[in-house]
Amino acid sequence: MHGRRVWQRSHGMLYLAFLALIYTMATQARPANMSSLKDKNPSSKEENEILPPDHLNGVKMEMDGHLNKDFHQEVFLGKDMEEFEEDSEPRKNRKKLIEIFSKVDFNGDQSISAKEMQRWIMEKTEEHFQEAVKENKLSFRAVDPDGDGHVTWDEYRVKFLASKGFNEKEVAEKLKNNEELKVDEETQEVLESLKDRWFQADNPPADQLLNEEEFLSFLHPEHSRGMLKYMVKEIVRDLDQDGDKKLTLSEFISLPMGTVENQQAQDVDDDWVRERKKEFQEVIDANQDGIVTMEELEEYMDPMNEYNALNEAKQMIAVADENQNHNLELEEILKYSEYFTGSKLMDYARNVHEEF
């Protein structure tokens with residue numbers, strides 16, 4: 001589960017939020033300070049439609065700076081991810097995985113090369129892009145009540161506050177009359193961050209209105225180079241401790257003092273540091289100088305970067321390449337199915353050739 005971002009400004013808060021996700025898996029609570037404008041039953045569906053997601057499918061890092069733990073599965077399965085749920089039938093999953101293997105194996109030699117995997121990764125990433133475009137059409141319609149093809153900040157703000165439990169008509173009336181909106185501190189902080197992001201998505205000439213394409217950039221910064229830069233800037237601001245707008249390894253992996261309370265939490269810490277250190281040194285720091293610049297992080301975050309896709313393909317192959325031939329055979333993918341799909345297959349080799 002991916003929680004909604006609360007726009008933290010310290011690395012300690014980021015990591016505490018991470019631990020909270022791991023151990024409580026709780027849904028985001030309603031702010032404590034309840035305004036008189038609040039309704040009893042806010043629409044979670046509407047909130048999901050109009051609030052920029054923390055998690056972006058096919059992007060290697062979350063909006064709060066944590067590594068996307070489902071990235072490999074997202075770029076291997078695309079929109080088929082839902083078919084590989086934990087309670088799905090192993091035999092059905094095996095057949096589906098065999099079907100996917102035959103599609104990745106573009107030349108039909110029953111072996112997947114890095115180039116074939118790269119091509120597949122780009123294809124699945126494009127699938128996520130198209131899904132975001134489709135969802136954006138519905139989201140834009142939800143925040144464009146007059147249907148004029150443009151959304152003002154106030155129109156969006158009304159819908160956002162309604163999704164948080166405020167009375168939509170009363171909020172709209174107050175904004176129309178330039179009356180002060182009394183909202184709790186957390187909601188106000190989110191609004192300020194959203195407003196900054198809103199104006200970043202407003203392409204020149206800036207008219208303070210977002211059309212459907214600009215609204216897509218607002219919700220999904222991976223669709224816009226300018227917004228991708230903004231997302232990187234936000235992540236660096238959260239992690240950069242000395243203010244030089246660059247990241248050292250220690251900044252990227254540092255943990256706040258006193259956050260580990262038991263052995264289980266310590267194990268999570270160790271794994272978290274190990275994964276981030278590996279990603280920093282082997283992938284993000286392209287020139288291996290021990291420093292990650294905004295430009296390097298931007299290239300790393302760009303889901304349509306073909307060079308990154310090839311590197312990712314090689315890494316994915318290396319995980320399951322037991323015979324060390326730098327390719328993947330069907331048996332290898334089935335054996336390491338949990339890495340590729342999140343689902344562990346039982347008797348993975350049974351009747352493989354007959355089914356294939």
Side-chain angles (χ1 to χ4, degrees), residues 1-2 21-22 25 55-60 62 67-132 134-135 267-268 271 274-275 278-279 283 303-304 306 308-356:
M1 178 183 295
H2 298 278
L21 283 171
I22 293 293
M25 300 297 284
H55 175 71
L56 303 170
N57 285 329
V59 178
K60 296 200 73 171
E62 308 288 10
L67 301 178
N68 175 7
K69 63 182 180 61
D70 297 323
F71 178 75
H72 300 126
Q73 295 160 29
E74 290 168 359
V75 296
F76 185 74
L77 298 177
K79 62 185 180 183
D80 288 332
M81 277 193 72
E82 295 178 3
E83 297 193 28
F84 289 86
E85 297 176 349
E86 289 183 11
D87 58 351
S88 53
E89 206 273 316
R91 184 176 178 83
K92 179 184 174 184
N93 286 352
R94 184 170 63 249
K95 293 182 75 170
K96 182 65 181 178
L97 192 49
I98 292 171
E99 181 185 326
I100 291 173
F101 177 89
S102 67
K103 292 178 181 178
V104 186
D105 178 21
F106 189 67
N107 64 8
D109 66 353
Q110 298 189 25
S111 182
I112 294 175
S113 67
K115 281 289 185 182
E116 286 175 321
M117 185 67 87
Q118 177 198 31
R119 171 182 168 275
W120 182 255
I121 287 172
M122 296 297 290
E123 210 173 283
K124 296 296 107 177
T125 302
E126 180 62 28
E127 265 185 25
H128 288 304
F129 265 51
Q130 293 307 316
E131 190 65 25
K134 190 190 305 181
E135 291 174 357
D267 292 341
V268 171
D271 290 341
R274 194 178 301 114
E275 288 174 11
K278 184 175 186 291
E279 198 72 9
V283 184
M304 297 306 289
E306 293 187 8
N308 285 352
L310 181 59
N311 278 342
E312 192 61 39
K314 291 175 180 177
Q315 288 183 53
M316 291 171 73
I317 288 173
V319 167
D321 184 21
E322 289 194 339
N323 61 11
Q324 298 294 300
N325 67 350
H326 305 295
N327 284 7
L328 283 183
E329 281 70 51
L330 177 60
E331 289 83 355
E332 291 172 328
I333 280 192
L334 291 174
K335 184 172 183 179
Y336 289 86
S337 64
E338 193 167 11
Y339 173 78
F340 292 101
T341 71
S343 175
K344 191 169 184 177
L345 305 183
M346 304 302 293
D347 301 326
Y348 69 90
R350 187 175 63 186
N351 299 324
V352 162
H353 298 291
E354 288 82 353
E355 290 179 4
F356 186 55

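As the structure is a prediction and not an experimental result, all values here were calculated from the model.
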### Query
Do Val59 and Asn68 touch side chain to side chain, with heavy atoms closer than 4.5 Å?
no

### Qualifying residues under side chain to side chain donor-acceptor pair (under 3.5 Å), relative to Asn327, sequence neighbours excluded
Ser111

### Test: Glu99 and Lys96 ion pair at under 4.0 Å
yes

### Task
Please name all residues satisfying side chain to side chain donor-acceptor pair (under 3.5 Å) with Glu312, sequence neighbours left out, ordered by chain then number.
Lys60, His72

#### Entry: Asp271 side chain to Glu275 backbone, donor-acceptor under 3.5 Å
no

### Query
Would you say Met304 and Met122 make side-chain contact, with heavy atoms under 4.5 Å?
yes

### Query
Nearest heavy-atom pair of Leu56 and Glu62: which atoms, and what distance?
N-OE1, 4.2 Å

### Query
Considering residues, nucleotides and ligands other than Gln324, do more than 12 of their heavy atoms fall under 6.0 Å from its CD?
yes

### Message
Within the structure provided, determine whether Asn323 and Glu332 are in side-chain contact (heavy-atom separation under 4.5 Å).
### Response
yes

### Query
Could you give the distance from CD1 (Ile100) to CZ (Phe340), rounded to the nearest 0.5 Å?
11.0 Å

### Message
The criterion is side chain to side chain donor-acceptor pair (under 3.5 Å); which residues satisfy it with His128, sequence neighbours excluded?
### Response
none

### Counterpart residues, salt bridge (charged side-chain N to carboxylate O under 4.0 Å, His left out), relative to Glu322 (two or more places apart)
Lys335

### Query
With distance as the sole test, does Glu89 use its side chain to make a donor-acceptor pair with the main-chain N or O of Arg91 at under 3.5 Å?
yes

#### Entry: Closest approach of Trp120 to Val75 (non-hydrogen atoms, all atoms of both residues)
CD1-O, 4.1 Å

## Note on the structure
CZ of Phe101 to CD of Gln110, rounded to nearest 0.5 Å, is 7.0 Å

### Query
Would you say the side chain of Asn308 lies within less than 4.5 Å of the side chain of Leu310, judging by non-hydrogen atoms?
no

### Query
Does Glu126 have any salt bridge (charged side-chain N to carboxylate O under 4.0 Å, His left out) partners at least two apart in sequence or in another chain, and if so, which?
none

#### Entry: Contact check, side chains of Asn311 and Val283, non-hydrogen atoms, under 4.5 Å
no

### Message
Please find the pair of heavy atoms, one from Ala313 and one from Ala114, that lie closest to each other, and give the distance.
### Response
CB-O, 3.5 Å

### Message
Going by salt bridge (Lys or Arg N to Asp or Glu O under 4.0 Å), name the pairs with one or both residues in residues 115-124, residues two or more places apart or in two chains.
### Response
Arg119-Glu123, Lys124-Glu127

### Query
Which heavy atom of Phe71 sits nearest a heavy atom of Gly58, and at what distance?
CE1-O, 3.2 Å

### Separation of Thr341 OG1 from Glu338 CD (nearest 0.5 Å)
7.5 Å

### Query
For the atom pair CD1 (Ile112) and CG (Asp321), what is the distance rounded to the nearest 0.5 Å?
11.5 Å

### Task
Indicate the atoms forming the closest heavy-atom contact of Ser337 with Ser343, along with that distance.
OG-O, 2.9 Å

### Message
To the closest 0.5 Å, what do you measure between CD1 (Ile121) and CE (Met316)?
### Response
5.0 Å

### Query
Between Asn57 and Glu131, is any side-chain donor less than 3.5 angstrom from a side-chain acceptor?
no

### Task
Give, for atom OG of Ser113 and atom CD1 of Ile317, the distance between the pair rounded to the nearest 0.5 Å.
6.5 Å

#### Entry: Smallest separation among heavy atoms of Leu97 and Phe84, with atom names
N-CZ, 4.1 Å

### Query
Is a side-chain donor or acceptor of Gln118 paired with a backbone partner of Glu306 at a separation under 3.5 angstrom?
yes

